[in-house]
Amino acid sequence: MKIVFFGTPDFAVPTLSSLLSHPEFEVVGVVTQPDKRRGRGNQLMPSPVKDVALNHSLSVWQPRRIKKDAETLAKLRETEADVFVVVAYGQILSQEILDIPSLACVNVHGSILPKYRGAAPIQRCLFDGEKTTGITTMLMDAGMDTGAMLLKAFAGISLLDNADSLADRLAEVGADLLIETLVKLRDDKIEAVVQDDAEATYAPMIKSADYVLDWSKSAIALHNQVRGFFPDCTTTFRGNSLKVIATVPVGPEYWLQMPADLRVLEREWPVLSQLSGANGEVVKVVKGLGAIVQTGDGLLLLREVQLAGKKVQSGVDFANGTRLVVGEVFGNAGVTD
């Protein structure tokens, strides 16, 4: 089976690597986004998918607007590919492109469709507090993740998962599911199922406003926001911006979901449960863990934070380094306390 692979970020790498490791598939070319400037040196850097492709001496095409790039379209036709595989490529493919492969265009999508169609399914499912998600392979059409579904694989979400950890796990799930999908397509042992649009939900791109923490929200809502939009959620501290990298909601309903190093919160609960304060106020600094903050409903531990211009640090290092005291108040980012 001759395959052209479309993908860009780390999420797509396991699927490409899996295809390259199976001799029954021949990757005849890779399409990825143009190199971008990154880092302190502002140097042009290739995408993770391009790195893998070059390491395997594959042809790589990087059109800025693939639908308008006649040269790339011609090269895609010349491949005489059986299948186009698309994993987080980053551009919408026209019907003209979808019609090129002889068998199908197959997409590996990071949700259980028809839920979370769109650009940010992993982030949005965490933000919504979902307990389960997964991967769907589907036949692509001209719509936004509206194609007929092929196979699904489910994955649980833990309390302390964030967008990175969940994406890493789903990327491996997707790699395996794609191989199974292609084998069944080849052997005509798979039946596509049309999506029910009435059950569809959407996962739009993340905007700057999504990162701002509002301490009047509940502890679990803030925790889901921090882990869903990891690592860019912000608050203010002593008039300056502060990134909140990791949090833990505090309460009996969460004890069984916590690792051993956080079980001290259960032992502290008789004291913590009696505390209260204004929204965003530090009500206690727990030795070895850091600040406990009052929210609109419940308490939230700041497990990891990042001061502007500094490296990420643990909640306890932050509390010690800033000499944080009970009664200090975090505010909404961009608002002077």
Side-chain angles (χ1 to χ4, degrees), residues 5-16 18 32-33 47-49 84-93 98 105-181 192-211 220-233:
F5 186 85
F6 295 69
T8 299
D10 287 320
F11 182 77
V13 167
T15 304
L16 175 56
S18 185
T32 189
Q33 292 278 57
S47 72
V49 162
F84 287 174
V85 171
V86 182
V87 187
Y89 168 47
Q91 294 190 45
I92 295 174
L93 304 186
L98 298 178
C105 279
V106 178
N107 178 237
V108 178
H109 184 73
S111 78
I112 299 299
L113 290 170
K115 293 188 70 174
Y116 297 106
R117 295 173 177 173
I122 295 172
Q123 294 91 333
R124 294 290 178 182
C125 81
L126 286 165
F127 178 75
D128 289 344
E130 298 281 3
K131 300 295 192 299
T132 304
T133 185
I135 293 288
T136 305
T137 53
M138 66 174 171
L139 298 175
M140 296 182 68
D141 61 18
M144 176 64 75
D145 301 324
T146 56
M149 301 174 293
L150 297 171
L151 295 178
K152 297 180 181 182
F154 292 82
I157 302 174
S158 73
L159 179 68
L160 300 185
D161 266 327
N162 62 31
D164 274 14
S165 65
L166 184 56
D168 287 347
R169 197 159 72 249
L170 288 179
E172 299 296 336
V173 172
D176 292 340
L177 192 67
L178 187 275
I179 298 302
E180 181 183 356
T181 299
V193 178
V194 175
Q195 295 188 45
D196 183 350
D197 290 342
E199 296 182 358
T201 62
Y202 291 88
M205 291 182 66
I206 301 166
K207 299 180 180 180
S208 57
D210 292 321
Y211 298 126
I220 189 61
L222 288 163
H223 174 67
N224 289 338
Q225 182 179 357
V226 167
R227 67 197 188 123
F229 304 146
F230 173 89
D232 293 314
C233 286

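For the single chain, residues carry numbers from 1 onward in sequence order. Both backbone and side-chain heavy atoms feed into the values below; hydrogens, waters and symmetry mates do not.
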For Pro121, does its backbone N or O pair with a side-chain atom of Lys115 as donor and acceptor, under 3.5 Å? no
Minimum-distance pair of heavy atoms, taken over all atoms of Val49 and Val13: N-CG2, 4.1 Å
Would you indicate whether the side-chain heavy atoms of Gln225 and Asp210 approach each other to under 4.5 Å? no
Value for CG (Leu151) from CG (Leu177), rounded to nearest 0.5 Å, stands at 5.0 Å
Return yes if some donor-acceptor pair links the side-chain N/O of Thr132 with the main-chain N/O of Ala155 below 3.5 Å, else return no. no
Is it true that a side-chain atom of Asp128 and a backbone atom of Cys125 form a donor plus acceptor pair closer than 3.5 Å? no
Got a donor-acceptor contact below 3.5 angstrom from the His223 side chain to the Gly129 backbone? no
Do Asn224 and Leu126 have side chains that get closer than 4.5 Å, going by heavy atoms? no
Given 3.5 Å as the limit, does a donor-acceptor pair link the side chain of Asn107 with the main chain of Met138, or not? no
Side chains of Phe6 and Leu93: closer than 4.5 Å at any heavy-atom pair? yes
In the structure I gave you, are the side-chain heavy atoms of Ile157 and Arg227 within less than 4.5 Å of one another anywhere? yes
Those residues at least two apart in sequence (or on a different chain) that pass salt bridge (charged side-chain N to carboxylate O under 4.0 Å, His left out) with Asp196 are none
So, do Asp161 and Arg169 sit near enough that their side-chain heavy atoms are less than 4.5 Å apart? yes
Give me the atom names and distance for the closest heavy-atom approach of Thr32 to Gly7. OG1-O, 2.8 Å
Sub-4.5 Å side-chain heavy-atom contact between Ile122 and Phe11: yes
Heavy-atom side-chain proximity of Met140 to Phe84 below 4.5 angstrom: no
